[in-house]
Amino acid sequence: MSALIAKMLTSLFTLFAIPSFVAALWPMPRALSTGSTALKLSSDFVIHLEVQNSPNDLQSAISAVYTQLHNDTLQRLVVGRAAADSVAIARASELRFLTISLTGHAVVRSIEQEAVEPYGSRSESYSLNIPHDGTTATLTANSTLGLFRGLTTFSQMWYSSSSGKYILDAPVSIADEPAFPHRGLSFDTARNFFPVEDILRTLDGMSWLNTLYWHVADSQSFPLEVPAFPELAEKGAYSETERYSAADVQRIVSYANERGIDVIMELDSPGHTTGIAFAYPEHIACANKSPWATYASEPPAGQLRIASNATLAFARELFASVAGMMPGTMMSSGGDEVNLPCWEDDEETIQDLSINNITIADALNQFIQEVQNVLHQAGKTPFIKSDMILTHNVPVTNDTIAVVWQSSADATSMAERGQRFIHQPSDYFYLDCGAGEWLGNDVLGNSWCDPFKTWQRAYSFDPFANLSASQQQLVLGGQMPIWSEQTSPENLDPIVWPRLASGAEVFWTGATLPDGSPRLGANATSGTQAFARINEMRYRMVDRGIRAIALQPHWCVLRAGECDLDA
């Protein structure tokens, strides 16, 4: 933690005693101090960029802030709304200038370049200071990515009234940086297809997350056009209009990178690969075999023939081709939910095992090693699902990052192995749980990951639970997934937002709030304050075109804490 942030933490006690003005920011800055003076944004407000040879995406980010400040209509969420602040606004000084600069030693690079830097090389910290008297505000950082994060904070601070934009608690001083380098959304586009525009709109909402973990293909469909294997999408996509071309991928990746978001593509293997059988059936064991529940976690059954030399060669070329489409330094080979009976009942696999004098475990180890070698040769750090390590004991390279997804309790087992990992536990973070079962003729109607994961459930997650101080260094962050069996463009926004914002704060601020208090639970003050802040985040999202679901009746939102059980 920087010295400036450490120094500012002493002023945080005032944060929880003041109404939800700038303190309504989401996620909570790591260090924030505020005053009690109203300040208006001048009608001729100007952002001065003092960065020589400033990159185009930084200039675009500044233009976006102007647009948001002009178009935002969100009034403060209190009884009376903006009218409640009319007297304070009338007396307020006006802020005319925000000066943006990099620290003296910073190298000027684009946000797009900064967003794909390896963990440990990215800097997202920034300092933002807004005076109470209308003199110049300043935003400084040692990277354009940090400046982007600071601009995002600045754009979320202001309320709207008939007289313009204003805040009520100047001066404001923020020194901010993320607690974890990985803060993401895992997005499944295989069970149901999502047009590019839906992905871009989702990226617009991910202002404090920095990773789109793209689960692009699965057993049901293969919508990705792969240069080396065009027939995969031609035969594996649901239709010719439900594909992602190389141009689509480039558009999504560039759009994300310019907004400080890296894209990690997951090509799940060797399970969840029946979609490949539409074009290359020779590489898939037990394809569409019945009853599917014997051979797969969901229909249709099928997974790669890991003991086949021809399939290994196919997998190497497939991963090399897809890796070549992605400019980032990371890629996932998936690895979850492989089914041993699928291989045990597949004649070709049994023959290959016999010819090579190896077991299924040997073949699985070899497959993973081959894929990881391809990713390393492409300059990618490999991601892999936790059950490949914890259940199947597959050896992986030291730089591998595991995705702990089955249960939050598995984090301890992963840490005991000394493996770096990110959190994606089904018992806290799965966004699609609670809608009932999607399988036919299921009279019970409950999905395996029910109940619905509320924002409070996700927000209460402790990334360091049951981990020693040394093991905590293995935690790189986390992500919330949206699986698309029951998700489509029609319900994407309300099922993701604003719950995904809870994960954004967990992995931005760390295991506790910046003052050390717990997020939820016995601390009623922090719980009420968090509800007020995430409500404001939700209303601002709706104001900016994201169809986030309501968390409370409007009456409760305007009266923070009055709908608490003990109110």
Side-chain angles (χ1 to χ4, degrees), residues 55 57 107-124 143-145 180-184 186-187 203 209-217 224-229 232 244-270 304 312-335 365-385 388-389 394-403 419-422 474 476-477 479:
D57 53 12
V107 177
V108 179
R109 297 192 299 176
S110 67
I111 299 170
E112 189 171 11
Q113 290 173 308
E114 297 279 356
V116 299
E117 281 291 296
Y119 297 147
S121 299
R122 300 182 196 176
S123 174
E124 300 179 76
S143 70
T144 56
L145 183 56
F180 296 97
H182 185 108
R183 311 176 305 280
S186 175
F187 198 162
L203 290 166
L209 297 158
N210 68 351
T211 305
L212 177 68
Y213 187 96
W214 189 1
H215 183 87
V216 69
L224 178 66
E225 294 183 4
V226 180
F229 299 101
L232 282 172
Y244 300 108
S245 67
D248 290 333
V249 172
Q250 180 57 47
R251 182 184 177 196
I252 291 167
V253 170
S254 294
Y255 194 90
N257 293 166
E258 290 168 0
R259 286 153 181 79
I261 300 169
D262 198 359
V263 180
I264 299 174
M265 185 168 284
E266 178 173 83
L267 202 59
D268 208 353
S269 65
L304 287 170
L312 284 175
F314 168 80
R316 286 193 295 266
E317 188 172 359
L318 174 61
F319 272 91
S321 186
V322 174
M325 301 172 67
M326 308 301 293
T329 60
M330 295 174 282
M331 185 172 170
S332 176
S333 61
N365 291 352
Q366 181 182 0
F367 178 87
I368 297 301
Q369 289 173 8
E370 293 278 356
V371 169
Q372 290 206 318
N373 286 338
V374 171
L375 296 182
H376 281 127
Q377 290 169 9
K380 312 292 185 187
T381 297
F383 279 64
I384 199 166
K385 291 295 177 64
M388 190 59 67
I389 298 172
V394 171
V396 295
T397 56
N398 290 336
D399 65 334
T400 300
I401 299 170
V403 181
Q419 193 74 46
R420 297 190 304 169
F421 65 94
I422 62 170
L474 299 171
L476 297 180
Q479 58 192 26

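Computation of the quantities below employed the complete heavy-atom set of this structure, encompassing side-chain atoms and omitting hydrogens, waters and symmetry-equivalent molecules. We number each residue from 1, following the sequence as shown.
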Leu232 vs Leu318, test: side chain to side chain contact (heavy atoms under 4.5 Å, CB included). Steps then yes/no. CA-CA 10 Å; Leu232 282 172; Leu318 174 61; 3.6 Å; yes
Leu224 vs Met265, side chain to side chain contact (heavy atoms under 4.5 Å, CB included): CA-CA, chis, key distance, verdict: CA-CA 11 Å; Leu224 178 66; Met265 185 168 284; 3.7 Å; yes
Please walk me through it: do Asp248 and Glu225 pass side chain to side chain contact (heavy atoms under 4.5 Å, CB included)? CA-CA 10 Å; Asp248 290 333; Glu225 294 183 4; over 6 Å; no
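A donor-acceptor pair under 3.5 Å is formed between the side chain of Asn210 and the backbone N or O of Arg183. Here the side chain of Arg122 pairs a donor or acceptor atom with the backbone of Glu117 at under 3.5 angstrom. Panel note: side chain Ser123, backbone Ser143; no donor-acceptor pair is recorded below 3.5 Å. At least one donor-acceptor pair closer than 3.5 Å links the side chain of Ser269 to the backbone N or O of Ser333.
Residues Gln113 and Thr144 are not in side-chain contact: their nearest non-hydrogen atoms beyond the backbone lie 4.5 Å or more apart. Looking only at side-chain heavy atoms (C-beta outward), Leu476 and Phe180 stay at 4.5 Å or farther from each other. For the pair Val403 and Ser332, the minimum side-chain heavy-atom distance is 4.5 Å or more. Using a 4.5 Å heavy-atom threshold, the side chains of Thr211 and Met330 count as separate. Here the side chains of Glu370 and Phe319 are not in contact, with every heavy-atom distance at 4.5 Å or above.
Taken to the nearest 0.5 Å, the CD1 atom of Ile264 stands 7.0 Å off from the CD1 atom of Ile401. The distance from the CZ atom of Arg420 to the OH atom of Tyr119 is 8.5 Å, given to the nearest 0.5 Å. Of the inter-residue distances, the one linking Ser110 atom OG with Glu258 atom CD reads 8.5 Å to the nearest 0.5 angstrom. To the nearest 0.5 Å, atom CG of residue Asp399 and atom CZ of residue Phe383 are 10.0 Å apart. From Leu375, atom CG reaches atom CD1 of Ile384 across 9.5 Å, with rounding to the nearest 0.5 Å. Rounding to the nearest 0.5 Å gives a distance of 9.5 Å between CE of Met388 and CG of Asn365.
Geometric assessment of Arg259 against the ring of Tyr255 yields a positive cation-pi assignment under the 6.0 Å and 45° thresholds.
Between Gln419 and Ala402, the shortest heavy-atom contact is CG-CB, 4.3 Å. Closest non-hydrogen pair, Ala228 versus Ser321, comes out as N-OG, 3.2 Å. Pairing each heavy atom of Glu266 with each of Gly334, the nearest pair is OE2-CA, 3.5 Å. Closest approach of Thr397 and Pro382 over heavy atoms only: OG1-CG, 4.0 Å. Contact detail for Pro55 and Val108: the closest heavy-atom pair is CD-CG1, 3.9 Å.
Under the side chain to side chain contact (heavy atoms under 4.5 Å, CB included) rule, Ile261 has a single partner from Ile111, Leu209, Leu212, which is Leu212. Met331 pairs in a side chain to side chain contact (heavy atoms under 4.5 Å, CB included) with only one of the listed residues (Leu267, Thr381, Val374), which is Leu267.
With hydrogens and angles left out, the side-chain atoms of Ser254 and Asn257 include no donor and acceptor closer than 3.5 Å. Side-chain contact annotation: Gln372 with Thr400, donor-acceptor N/O pair under 3.5 Å present.
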